[in-house]
Amino acid sequence: MSKKEALYIDEIYGRLKRKFGPVSCPLHYQKPYQLCVAVILSAQCTDEMVNRVTPELFKAFPDPRSLAEAPVAEVERLIHSTGFYRNKARNIQGFCRALVNEHGGKVPQTIEELVKMPGVGRKTANVVLQELYGISSGFVVDTHVLRLSRLLGLSHAKDAVRMEKDLMQKVPPKYWMDLSLYLIFLGRSACVARRPRCTECVLSDVCPSSTVDTKRPAPKKGRPSLHQD
DNA sequence: ATCCCGAGGG
DNA sequence: CCCTCTGGAT
């Protein structure tokens, strides 16, 4: 990795840190098993939506055993609005069963063990390890990180697994935890997928994909655009 | 590579 | 109508 690239990453990290400050997991939870369930539910769904359904879910089933033994239909009903509700219901119940039966109710501390559990992939495992134990097992790559990393030119990997490897090589481990959250926050505020608002973005003058030109007044035509208007 | 799937925004 | 949202299993 070039020195220039390292400075580029430092610059991105510094700006996002200044903008967002200290960050924490946006998912609401009281107990460790609840975080795991919330992260599984967050697949292809906003965290707001997850936070909307989990209070009732955790009130109805306050521990992993009761959630594992609950009627599937009831679990499906409670999480219905998060989408993929059949898969997710099966996954969170399978997860809770594995948690109780194979891990004594305690969330595993290694990514190898976590990934073997139902509904848990690398993204979910990385989030859980970071949030619960402060372990940086990898770089959390979700749909936002995937999109923004490409726009910023940090990685052009096609899938999340390859991009994680890529980012782990380029980004210093001390940045992993916060940078993935920063990218997610930026992807949720200014750099939204549908129509990025580059004028509101703190990275616009260093981002190779920015539609804001800081040097020239304004191109009349042929503006490099990421999308069709 | 494909499927799962509802909610929200443009 | 279309695309997107803190993915994972097959």
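Protein chains get the first letters and strands the later ones, always in sequence-line order, with residue 1 at the start of each.
Ring-base stacking between Phe84(A) and dG6(B) is not satisfied when judged by a centre separation under 5.5 Å and a plane angle under 30°.
In this entry the distance linking CD of Glu48(A) with C1' of dG6(B) reads 15 Å, nearest Å. Going from atom CG of Asp47(A) over to atom C1' of dT4(C) covers 14 Å, rounded to whole Å. Per the geometry, CG belonging to Leu41(A) stands 14 Å off C1' belonging to dC5(C), to the nearest Å. Rounded to whole Å, the distance from CD on Gln44(A) to P on dA9(C) is 14 Å. The separation between Trp176(A) atom CH2 and dT6(C) atom P is 23 Å, rounded to whole Å. Rounding to whole angstrom units, CD of residue Glu131(A) and C1' of dT6(C) are separated by 13 Å. With rounding to whole Å, Glu164(A) atom CD is found 14 Å from dG8(C) atom C1'. Per the geometry, CG belonging to Asn51(A) stands 17 Å off P belonging to dA7(B), to the nearest Å.
Taking only side-chain nitrogens and oxygens, His144(A) comes nearer than 4.0 Å to OP1 or OP2 of dC5(C). Close to dC5(C), at under 4.0 Å from its OP1 or OP2, lies a side-chain N or O of Thr143(A). A close approach under 4.0 Å does not occur between any side-chain nitrogen or oxygen of Arg77(A) and OP1 or OP2 of dG6(B). Proximity of Thr46(A) to the phosphate of dG8(B): no side-chain N or O atom is located under 4.0 Å from OP1 or OP2.
Residue Lys123(A) places its side chain closer to dG7(C) than to any other of dG7(C), dG6(B), dT4(C). Among the nucleotides dC5(C), dT6(C), dG8(C), the one closest to the side chain of Thr124(A) is dG8(C). Considering only the side chain of Met49(A), dA7(B) comes nearest among dT6(C), dA7(B), dC5(C). Ranking dC3(C), dT6(C), dC5(B) by closeness to the Pro26(A) side chain, first place goes to dT6(C). For Tyr85(A), taking side-chain heavy atoms from C-beta onward, the closest of the listed nucleotides dG7(C), dC5(C), dC5(B) is dC5(B). Of the listed nucleotides (dT6(C), dC2(C), dA7(B)), dT6(C) has the atom at the smallest distance from the side chain of Arg188(A). Nearest to the side chain of His80(A), among dG6(B), dC3(C), dC5(B), sits dG6(B).
Closest approach of Gly138(A) to Asn126(A), counting heavy atoms only: N-OD1, 3.3 Å. The two residues Lys123(A) and Asp142(A) make their nearest non-hydrogen contact at CE-CB, 4.1 Å. Across Cys198(A) and Ser204(A), no two heavy atoms sit closer than the pair O-CB, 3.3 Å.
Under the 4.5 Å side-chain heavy-atom criterion for Ile, Leu, Val, Met, Phe, Trp and Tyr, Leu152(A) and Trp176(A) are members of the same hydrophobic cluster.
With both ends at atom P, the span from dT6(C) to dC4(B) equals 22 Å, rounded to whole Å.
In terms of position along DNA chain C, the nucleotide closest to Ala193(A) lies nearer the 5' end than the nucleotide closest to the other residue of the pair Ala193(A) and Met117(A). In this structure, Cys45(A) and Arg197(A) both approach DNA chain B, and ranking their closest nucleotides by distance from the 5' end singles out Cys45(A). Along DNA chain C, the nucleotide nearest Ser42(A) and the nucleotide nearest Asn91(A) are compared for position; the residue whose nucleotide lies closer to the 5' end is Ser42(A).
Summarising the local packing, NZ of Lys31(A) is surrounded by more than 12 heavy atoms from other residues, nucleotides or ligands at distances under 6.0 Å.
In this structure, Val192(A) reaches neither bases nor backbone, as no heavy-atom distance under 4.0 Å exists between it and the strands shown. Using a 4.0 Å heavy-atom distance criterion, Arg90(A) is classed as making no nucleic acid contact. Within the nucleic acid shown, Leu27(A) has no heavy atom closer than 4.0 Å to any nucleic acid atom.
Relative orientation of the Tyr33(A) and Phe58(A) rings is perpendicular, given thresholds of 30° and 60° on the angle between their planes. Between Phe20(A) and Tyr182(A), the ring-plane angle classifies as parallel under the 30° and 60° cut-offs.
Remark: the Arg86(A) side chain and the dC4(B) base include no donor-acceptor N/O pair separated by less than 3.5 Å.
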